[in-house]
Q: 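Attaching a single structure in structure tokens format; questions to follow.
No hydrogens, no waters, no symmetry mates; every other heavy atom, side chains included, goes into these values.
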Amino acid sequence: MMPDKERYVIGIDTSNYTTSVAVTDGNGTVIRDERRMLSVRPGERGLRQQEALFQHIDNVPDLMEKALKDIDRNNICLAACSESPRPVEGSYMPVFKAGINAARNLAAAPDVPYKGFSHQEGHVEAARHNGPLADADKFLCWHLSGGTCELLRVRCVEGLPSDIEIIGGTKDISFGQLLDRTGVALGFPFPCGKELDMMASEASHDEAENAVLTKIKCCDNGSFFNVTGTETQMLRYIEEGGYGADNMIPREAVYELFSVISDCLYRATAAASERTGIKDVLFSGGVSSSVTVKKMLDEICRQKGRDISIHFGDPALSSDNAVGISLLGGKIIWQ
């Protein structure tokens, strides 16, 4: 089937905290990108799978209606959906059932096939869309989101990032969880990444002179690490009232938290790059939309002078979305 700007792929993603429906055309243009964050009660640090699933079931019909407004449904070529967290056998989470059911219902129409992908593949594709790695056949990729902190070796097969191997990352909680738990402890509503990112971006280097956190140690070839120690230090600091003058929220400590995260990401990346010989590194997932992390990593790379090329996708396509899933569907039918 030849690409056509008036032929469409519908993508659906029902992750832990966002319901997403997207439409792309045969040229890879994003026609619709509809999303709705799931509701989390004040003070809570997340949702149970059952709670998230029920919210997705309520959200999908409304988002589908918005996404398909003014779209000729006779020109829908494929319904694509995220079916699992990762593209490996046994990877499963109940929340994805809401999207699967909606996509299969859409595919029940004549001549509309169905194709499933993993949530992780969608993140990778969205991050590299229209970027320098859009046509790369291999690269390293960080998947940094609310519950995931993995360094991946990605090999593309027929243009699809379908050969994905974990070669680094956390052995306990993710950086997204670290940020969210810190933010909730400071009184921010979940998820907290954007608020903390703004706090850190407003801090100066001088404000971070009094160290609260120790450097995260890397192990196992230098690309794996543990994060719970940093969480313990940060939460203890908050609980003990380390708020500085006038009981202000510790902007300098939040800055230091991002500094420790960025330093760890760089060291793990450098070790993996040296080990694999791959120099291009893509950052995907909601945490990678952080202005502070990008700025800090750019600065570290300049200081270290290593031959590593780091690439960040469009921040709007870094958080959970169905655009990557829709684009992958388009590659299946138009390549």
Q: Would Thr230 and Leu257 count as a side chain to side chain contact (heavy atoms under 4.5 Å, CB included) here? Give the steps.
A: CA-CA 8 Å; Thr230 304; Leu257 178 61; 4.0 Å; yes

Q: Kindly write out the residues that satisfy side chain to side chain contact (heavy atoms under 4.5 Å, CB included) with Thr276, not counting sequence neighbours, or none if the list is empty.
A: Leu140, Arg153, Ile167, Ile278

Q: Identify each donor-acceptor pair in which a side-chain atom of residues 93-111 lies under 3.5 Å from a protein atom, sequence neighbours left out, and give them as a table.
A:
residue	atom	partner	partner atom	Å
Asn101	ND2	Lys97	O	3.3
Asn105	ND2	Asn101	O	3.2

Q: Where the side chain of Ser84 meets the backbone of Arg86, is there a donor-acceptor pair that is under 3.5 Å apart?
A: yes

Q: Within the distance-only criterion (no hydrogens, no angle test), does the side chain of Ser259 pair as donor or acceptor with the backbone N or O of Tyr255 below 3.5 angstrom?
A: no

Q: I need the single residue from Leu282, Leu265, Asp298 that forms a side-chain contact (heavy atoms from CB on, under 4.5 Å) with Ile310. Which is it?
A: Asp298

Q: For Thr182, check side-chain hydrogen bond (donor to acceptor under 3.5 Å, both in side chains) against everything at least two apart and list the hits.
A: none

Q: Among residues at least two apart in sequence or on other chains, which ones pass salt bridge (Lys or Arg N to Asp or Glu O under 4.0 Å) with Arg155?
A: Asp163

Q: Among residues at least two apart in sequence or on other chains, which ones pass side-chain hydrogen bond (donor to acceptor under 3.5 Å, both in side chains) with Arg41?
A: Glu51

Q: Can you tell me if Ser326 uses its side chain to pair, donor with acceptor, with the backbone of Thr24 under 3.5 Å?
A: yes

Q: Indicate yes or no for a side-chain donor-acceptor contact from Arg128 to the backbone of Leu133 under 3.5 Å, with no hydrogens or angles considered.
A: yes

Q: What orientation do Phe225 and Trp142 show, parallel under 30°, tilted 30 to 60°, or perpendicular over 60°?
A: tilted

Q: Tell me every residue that passes salt bridge (Lys or Arg N to Asp or Glu O under 4.0 Å) with Glu299, counting only those two or more places apart in sequence or in another chain.
A: Arg302

Q: Filter on ring-ring contact (aromatic ring centres under 6.0 Å, His included), then keep only pairs touching residues 13-53, sequence neighbours left out; what's left?
A: Tyr17-Phe190

Q: Scan side-chain atoms only and decide if Asp13 and Ser20 contain a donor-acceptor pair under the 3.5 Å cut-off.
A: no

Q: With side-chain hydrogen bond (donor to acceptor under 3.5 Å, both in side chains) as the rule and sequence neighbours excluded, what pairs involving residues 59-69 come up?
A: Thr19-Asn59, Arg36-Asn59, Arg36-Asp62

Q: Could you pull out every donor-acceptor pair under 3.5 Å between side chains of residues 313-322 and any protein atom, sequence neighbours left out?
A:
residue	atom	partner	partner atom	Å
Asp314	OD1	Ala316	N	2.9
Ser318	OG	Asp314	O	3.3
Ser319	OG	Arg35	NH1	3.0
Asp320	OD1	His119	NE2	3.3
Asp320	OD1	His123	NE2	2.8
Asp320	OD2	Ser15	OG	2.6
Asn321	OD1	Val323	N	2.9
Asn321	OD1	Gly324	N	3.4
Asn321	ND2	Leu317	O	3.0
Asn321	ND2	Ser319	O	2.7

Q: With sequence neighbours excluded, tell me which residues meet salt bridge (Lys or Arg N to Asp or Glu O under 4.0 Å) with Lys217.
A: none

Q: By side-chain hydrogen bond (donor to acceptor under 3.5 Å, both in side chains), which residues pair with His311, not counting sequence neighbours?
A: Asp280

Q: Test side chain to side chain contact (heavy atoms under 4.5 Å, CB included) on Val227 and Glu231; report intermediate values, then the result.
A: CA-CA 7 Å; Val227 181; Glu231 177 196 15; 5.5 Å; no

Q: Partners of Lys115 by salt bridge (Lys or Arg N to Asp or Glu O under 4.0 Å), sequence neighbours excluded?
A: none

Q: Donor-acceptor pair, distance only, cut-off 3.5 Å: does the side chain of Ser91 make one with the backbone of Val88?
A: no

Q: Got a sec: does the CE of Met198 have more than 12 other heavy atoms crowding it under 6.0 Å?
A: no

